[in-house]
Trainee: 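This is the structure I have questions about; it appears just below.
Both backbone and side-chain heavy atoms feed into the values below; hydrogens, waters and symmetry mates do not. Start at 1 and go down the list; that is how both ligands and their atoms are numbered.
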Amino acid sequence: MLVVRGGRVLDPSRGFDGQADVVIERGRIERIGRGAGDGIRGEAVRVIDASGHWVVPGFVDLHAHFREPGQEYKEDIASGLRAAAAGGFTAVCAMPNTKPINDTRAITEMMMARARNAGGSRLYPIAAATVGSDGKQLTEMSDLREAGAIGVSDDGRCVMNAAVMRRALEYARTFDLFFSQHCEDHHLTAGAQMHEGEISTRLGLAGWPSAAEDVIVARDLILAELTGARYHVAHISSLGAVRLVREAKSRGLPITAEVTPHHLALTHEALLGYNTACKVNPPLRTEADRAALRDALRDGTIDCIATDHAPHSQLEKDCEFEAASPGMIGLETTVPVLLELVREGALSPLRLIETLSTRPARIAGVEGGALKVGAAADVTVIDPELDWTVEPSSLCSRSANSPWLNQPVRGRTVLTVVNGEIVFGS
Ligand SMILES: [Zn+2]
């Protein structure tokens, strides 16, 4: 038995924000409420003092890259799941752009088996929508679903052919998979290094215009309406895409969208000085885009936050800007980066937790996202005031490609519980 006592419990699934104890037994939440843990003691009872801390449903990440199979020197499933637990994520969806690409039942099953052996946070594969993610031939989605995939995506690449995209959405709908699209018109972004704008001009780097994201979102929303599929915009980054999603949602379409912590926190100005840690895809955009993303997250146009955790070794980042691989790690810096938004008044604590747990759990159709009696005991405890420095030695991820590296930050996950078992912290 585990008792998490005296914390500030935030449960967006029932709009609860108040002091309460959480009593966990046999992997489930047994009791919850003020004083619910009073008088519980004994040899088999572990009491955690959570006073001054937030006690929230475990986070669910819809978008992470674990690099296994194929690039385990950057991250593998075990190290990725450790990083997830350290960041407060009790479940992570792993994108299929591994080497080889996860486009078959065998690879999905292998990933599930590795995750089971590693233990800790749960892994849910998102399998490829097309064979080799080359945008031509659809994968065997019924097999992939049976093997454990919960969604499909060609992430890293966009499905460019509208006819293939239409059929992919129809298939995904048939097999009850959500479709997460990396929205990028590759013809418009050929050679692009960063957002197309005044900073790219100043730096002399080829630009990735917002329009390349917007045109795909516009096309896909039309196809989503045609097919009735569960369409999801991955890492939305532009003001134009936000407007399109808002309009489609106002007509009741079952579409959803995620945004990354870095697109909420940073703009293309972070690229001044050619900092390869800030080279991401889609790129960091303008202040107007960032403001639109924050507004959309607040009003529900954007449903949730996903990390796009993309580990790379020094080899891929300590090089010329144009040669550097896009992406940054995110699992372990999400809490301090987003608490900064709460401190700035851009987001309420309850909405923040909803976007990290309740909403993404529902989009993926997986367990979690609630602190209710009888629910699986996936619980994260955060110390919102803890000051720490992001250093390679302080991270569980195998990679350290982060713009927050060697920076002081405030707020950290101190305890993560999955199915009633402590998987991070003490
Ligand atoms: Zn992507």
Trainee: Which N/O/S atom belongs to Asp155 and is the closest one to the Zn ion (ligand 1)?
Mentor: OD1
Trainee: So, are Arg251 and Glu247 salt-bridged, with charged N and O less than 4.0 Å apart?
Mentor: yes
Trainee: Please state the angle at the Zn ion (ligand 1) spanned by NE2 of His235 and ND1 of His182: what is it, rounded to 10 degrees?
Mentor: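 That angle is 100°.
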Trainee: Taking both backbone and side-chain atoms into account, decide whether His63 has an N/O/S atom under 2.8 Å from the Zn ion (ligand 1).
Mentor: no
Trainee: Give the C-alpha distance, both sets of side-chain angles, the deciding distance and a yes or no for side-chain contact (heavy atoms from CB on, under 4.5 Å) between Thr355 and Leu297.
Mentor: CA-CA 8 Å; Thr355 62; Leu297 188 66; 3.7 Å; yes
Trainee: Taking the side chain as everything from C-beta on, heavy atoms only, tell me whether Glu340 gets closer than 4.5 Å to Arg343.
Mentor: yes
Trainee: Do Asp11 side-chain atoms and Leu371 backbone N/O form a donor-acceptor pair below 3.5 Å?
Mentor: yes
Trainee: How about Glu184: does one of its N, O or S atoms come closer than 2.8 Å to the Zn ion (ligand 1)?
Mentor: no
